[in-house]
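Chain letters run A, B, ... following the sequence lines, proteins first and then strands; every chain starts at 1.
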4 protein chains.
Amino acid sequence: MAVAGRPRSDESHKAILQAAYELLAESGFAAFTFERVAALAGVSRSTIYRWWPSKGALAMESTLGALNAAYQPDPAAPALEQLRTRFHIVARAFKGPTGRIVASMLAESQRDPETLAAFTQNYIEPARASMRELLRRAIAAGELRADFDIELAMDFAFGTLYHQLLLGRSMEPDWIERFADFLLGASQL
Amino acid sequence: MAVAGRPRSDESHKAILQAAYELLAESGFAAFTFERVAALAGVSRSTIYRWWPSKGALAMESTLGALNAAYQPDPAAPALEQLRTRFHIVARAFKGPTGRIVASMLAESQRDPETLAAFTQNYIEPARASMRELLRRAIAAGELRADFDIELAMDFAFGTLYHQLLLGRSMEPDWIERFADFLLGASQL
Amino acid sequence: MAVAGRPRSDESHKAILQAAYELLAESGFAAFTFERVAALAGVSRSTIYRWWPSKGALAMESTLGALNAAYQPDPAAPALEQLRTRFHIVARAFKGPTGRIVASMLAESQRDPETLAAFTQNYIEPARASMRELLRRAIAAGELRADFDIELAMDFAFGTLYHQLLLGRSMEPDWIERFADFLLGASQL
Amino acid sequence: MAVAGRPRSDESHKAILQAAYELLAESGFAAFTFERVAALAGVSRSTIYRWWPSKGALAMESTLGALNAAYQPDPAAPALEQLRTRFHIVARAFKGPTGRIVASMLAESQRDPETLAAFTQNYIEPARASMRELLRRAIAAGELRADFDIELAMDFAFGTLYHQLLLGRSMEPDWIERFADFLLGASQL
DNA sequence: ATTTAAGCGAGACGGTACGTCTTGTCTTGAG
DNA sequence: CTCAAGACAAGACGTACCGTCTCGCTTAAAT
């Protein structure tokens, strides 16, 4: 049951998100201004202000799709193997626009608590939930020791990967393998 | 042998660094502008531009002292114990202005590669060197297995701690203990 | 023969005129915007746009009543005496909202020719016609010389009163008396 | 004794005043925005804001020269003759940009009291002072009766001329003659 | 009874301008 | 040669209105 008033322009909406995404992917938050987004999207600045309260909010929404798109698990494989695959995928994604965006979001989150909250809720938590599920299955399947500290392990895993990203360090496949070995280490059965 | 011309004003220099530190510690990079620093320091903007090429550089120099001041090792204690002590000290420091500053520096580093370079060189690397030394001594003393991957462990340690910092998570003493256990885990002898 | 369709809402119509009048009377054209009128009237902006082509037109209609309400001639009195009475009434009216409004209308007329035309037609001309009548009767009654230049005298009369209004000068009763003396001067019989 | 700091750019200053004048002369206050002035002057907007607190102030300063430039009295002629000449000159000036500007200034003065004050002080008062001088000389020379009310006469004179201007009425030479006759009328000796 | 045709509210939209803030550069005079 | 002072061009910020535009509901006359 539609409300009164001219309906929101889906075209503009999409153009804004697309433009925002492009600017962020290309050069991070530095070149990310409402003015540029508006110009690139062919939209008036006020339309952006109408819908997004802050740069962080726009950045968040414009990148969510891209951030969560990558990982498609293979249910047939053992959980730990899936986990390793996932690490490789993340490392590869962090080389491109996705990495730039995640780094930018983390940076912007330090300025603006609402961006932090949104980033946590929309990106960090889903990613953790997905990894948590994998680790639980690994324990259930006897691939990991039952006393493996899942939450702490995820702090380590995400922390370490993000750290490499923020410091601009590449994560080559063999580093990822060593990383996974270190993380799961003696807990593997 | 002094050169000609008016000598650099040590007073201004210190006032700038002090003002920069205060602004950063109080509200991070958000409120950290050349204009405010100049006003707070009672100094002209051009004097700041003369000596620091970027906000990152000024932020760096103004906070280095505070960042590196904390840790005073006790050479008598076992290396791993010193390491744990150090984790606790870092966690406590991250609760206050120091945490705010490190987070801000990491954030700013995402905008400006030079800040990243400076931050890496002036803060990350010394901290790693110091921790590396500790870990080497731990191995030498037989506290850690000889095949312990020092560099990778440091990626984990710093990454994890920074991650908690950036996400605004507190690091209580018992969490730090679990963190250290996980990090050193089965490698302890 | 009424056409089809929902009839114009008299309630909205009045609310708009009332709101417009209040805003104008309170602070002139400065605070007089369609948005404010709509908000104050509890009416949608488009309803205003439907019926009034410009701010000037709305201002005009909303103030006409107040502007022309004041003067009630006393047919028994001599024409020149009625004229003087009228000057006093105008001077008093110009002290309040009416003055603010007339000044605003004259000001807005400088931006928008249609407002000027409307103002001339709806306010200036009726006022002149009424004064013209009075002056004609004064001549017919032998109160004024037959060669008195009525049109020119009205240019002087209105011009001078408006000038005082626009410059924010008060027109006290004794000033009005001197004003009338100067205007009619030697032409009185 | 010059103060420290980069000296004000005379070039910019002049360009701003010139641009402001052109915009005002061409289309009055309607098209007179800081943005347009800045663009036309090739100057940044902030430079304008630095030096002029309001549109009125800029308009004032940019037009003063033009407004006061016109009248050059001929000391040899009788005062009243000079006065008539002056009326003709004013009427002619009001046909062009000067008229547009004076009307705009009066209009803007209704929005902004500071503009009114500035306009009164910088334009109205000097013009009155100059006419006052002429009228005094006329009385002294026995061209006008000694009890001629100079101030009131000036209210009439300026009021009437401005009124014609604001209402968009032309003031042809013969109208000016009749105007002067009415103003000075029976007071001429 | 059902069209049909406005009126009306709500509110989105592309714009323009506002006044403020910060950046990095520049120009001067004083120390 | 340094420094304070401060002007300058550039450009983004967030706000306020403008005039136009959908949209869905309401209200009455015409069918």
Side-chain angles (χ1 to χ4, degrees), chain A residues 1-13 31-39 41-51 53-55, chain B residues 2-13 31-38 41-51 53-55, chain C residues 1-13 31-38 42-51 53-55, chain D residues 1-13 31-39 41-51 53-55:
Chain A
M1 157 183 30
V3 276
R6 176 173 175 174
R8 180 168 185 178
S9 161
D10 210 46
E11 202 177 343
S12 291
H13 188 106
F32 185 71
T33 67
F34 277 20
E35 306 232 311
R36 261 185 245 238
V37 173
V43 143
S44 83
R45 222 149 39 87
S46 50
T47 298
I48 306 183
Y49 280 109
R50 200 187 324 278
W51 298 109
S54 69
K55 284 208 271 195
Chain B
V3 274
R6 176 174 176 174
R8 177 169 185 179
S9 160
D10 207 46
E11 203 178 342
S12 291
H13 188 104
F32 185 71
T33 67
F34 279 19
E35 304 231 313
R36 263 185 243 241
V37 173
V43 143
S44 83
R45 229 152 30 94
S46 50
T47 300
I48 306 183
Y49 279 109
R50 193 189 319 281
W51 300 107
S54 70
K55 279 211 274 197
Chain C
M1 150 186 42
V3 273
R6 175 176 178 174
R8 178 169 185 178
S9 160
D10 208 46
E11 202 178 343
S12 289
H13 187 106
F32 185 72
T33 67
F34 278 19
E35 304 230 313
R36 264 186 243 237
V37 172
V43 143
S44 84
R45 229 148 33 90
S46 51
T47 300
I48 306 183
Y49 279 107
R50 194 188 322 278
W51 299 109
S54 69
K55 280 210 271 196
Chain D
M1 156 181 37
V3 276
R6 177 173 175 174
R8 180 170 183 177
S9 160
D10 209 46
E11 204 176 341
S12 291
H13 187 108
F32 184 72
T33 68
F34 278 19
E35 306 231 312
R36 263 186 243 236
V37 173
V43 143
S44 85
R45 226 150 33 90
S46 51
T47 298
I48 306 183
Y49 280 108
R50 198 190 324 278
W51 299 109
S54 69
K55 284 210 270 195

For [N] and [X] - does any side-chain N or O of the residue sit under 4.0 Å from the phosphate oxygens OP1/OP2?
X       : N      : result
D/Ser12 : F/dA9  : yes
A/Trp51 : E/dA12 : no
C/Thr47 : E/dC8  : no

Rounded to the nearest 0.5 Å, how far apart are [atom1] of [X] and [atom2] of [Y]?
X       : Y       : atom1 : atom2 : value
A/Arg45 : A/Thr33 : CZ    : OG1   : 9.0 Å
C/Ile48 : C/His13 : CD1   : NE2   : 11.5 Å
C/Ser46 : C/Trp51 : OG    : CH2   : 11.5 Å
A/Arg50 : A/Ser44 : CZ    : OG    : 6.5 Å

(message) How many whole angstroms separate atom CD1 of C/Ile48 from atom P of F/dT20?
(response) 14 Å
(request) Look at the side chain of A/Lys55 and the backbone N and O of A/Phe34, then say whether any donor-acceptor pair between them is shorter than 3.5 Å. (result)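 Not at all, since once roles are kept as given, no pair shorter than 3.5 Å links the two residues.
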(request) Using a 4.0 Å cut-off on protein heavy atoms (strictly under), produce a 5'-to-3' string for nucleotides 21-26 of chain E with B for base contact, S for backbone-only sugar-phosphate contact, and - for none. (result) -SBBBB
(request) Could you tell me which residues satisfy side chain to side chain contact (heavy atoms under 4.5 Å, CB included) with A/Glu11, sequence neighbours excluded, listed by chain and number? (result) A/Ser9
(message) So if I take every side-chain heavy atom of C/Arg8 and compare against E/dA5, E/dG7, E/dG15, which nucleotide ends up nearest?
(response) E/dG7
(message) With each end axis built from five pairs of C1' atoms, what bend angle do you get for the helix from E/dA1-F/dT31 to E/dG31-F/dC1? Round to 10°.
(response) 0°
(request) Please tell me which of D/Arg50 and C/Gly5 maps to the more 5' nucleotide of DNA chain F, matching each residue to the nucleotide holding its nearest heavy atom. (result) D/Arg50
